[in-house]
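Counting starts at 1 for both ligands and their atoms, in listed order. Remember, predicted model here, so these are calculated numbers, not experimental data.
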Amino acid sequence: MSIRHVGFLGLGLMGARMAKNLKKKGFEVTVWNRTPARAKELEADGLHVASTPAEVAARVDAFCTCVADVAALREVAMGANGLLSAAKPGQLFIDFSTVSVALVHELGAAFGAKGVDVIDAPVTGSKNGAEKGTLVIMTGGSDAAMARAQPVFQAVGEKVVHCGALGAGTQVKLAGNGLIAAMLQSFSEGLLLTTKAGVDPRRFIEVVQASGFRSPYFDFKGKALLERDFSTHFSIDLMHKDLSLLIDNAAVHKVPMPAAAAMKETYAVARAAGKGEQDIGAVVTVFEELCGQRIGEKAGGTP
Ligand code: NA7
């Protein structure tokens, strides 16, 4: 059965933009969000609004979720008036959230028993990628489900990496976010140190970007940090959640994660400082405050 009518649940920074892109690409789209005002805003773009997740499942060919965490997805999928209560054989469930591999398997069993195929499809690319429809999507699920999901993926992303069986997309996503946290932290520390030592941090960026360890991410975050633009693309709270999921997942496989553990506690410090809803770029502000030095500003302290 081809997919014509798509449900989208979870209209945060990522989900609202992805739902709009589905509509733009010609799907009929019905949305639901815990805070109804966020769903209501999309009516002007021609998306329909449902009052419960079950109501979405009753209307659509496929439903997609992009909610904050394990508790949120469990509630939307399997809580009272959740998707499961109205799911029908032949539907497809694509989860774009980043949650635990264990929950993905639980959903696969519960929805599979109702004849609904599940794909875990976490994404990378943050707010800008969601806006432009250029997300990278990493997936886990059956080949048949993947083939059916392609038009949905093409509407929200530019690259799909099929990682394997159900749960494989999530496994890769968690490993990737450990890498992002470590890259950003070392980069921020370098910017702060060069500044405080009286060296222009732009020279640090110039050398990094001329080297074998260059990355477009350092252009993007370097500009934001130097301009002190901490508008949220991906929140500190959500990265802390992902690092926790990564470490728990690694423990299941008896794989030590010392770098991720250090990053998790670094993010815990930023959350304790009341910065949880800010962008991950703002983690360094905690260190700036400790050092009495802002990145890119004239060195004030003595070494
Ligand atoms: P946001 O912008 O924090 O949005 C989170 C969404 O999750 C938002 O729609 C929330 O609804 C929803 N949410 C949070 N808790 C619940 C519960 N308990 N029940 C139902 N819905 C809930 O996150 P992003 O868009 O940046 O990221 C979404 C996912 O993609 C996340 O897993 C990332 O790690 C990757 P609200 O509007 O607050 O009512």
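Comment: Glu55 engages Arg59 in a salt bridge, judged by a side-chain N to carboxylate O separation of less than 4.0 angstrom.
Dense packing is recorded around CZ of Arg228, with more than 12 heavy atoms of other residues, nucleotides or ligands lying under 6.0 Å away.
The closest side-chain donor-acceptor pair between Glu189 and Gln185 falls under 3.5 angstrom. Between the side chains of Asp237 and Ser235, not a single donor N or O lies within less than 3.5 Å of an accepting N or O.
Applying the side-chain contact (heavy atoms from CB on, under 4.5 Å) criterion to Asp219, with sequence neighbours excluded, gives Gln209.
Contact shell of ligand 1 (protein heavy atoms, cutoff 4.0 Å): Gly10, Leu11, Gly12, Leu13, Met14, Asn33, Arg34, Thr35, Arg38, Cys66, Val67, Ala68, Ala72, Val76, Ser97, Thr98, Phe234, Leu238, Lys241, Asp242.
Residue Ala299 comes nearest to Gln293 through the heavy atom pair CA-OE1, 3.1 Å, listed as atom of the first residue, atom of the second, then distance.
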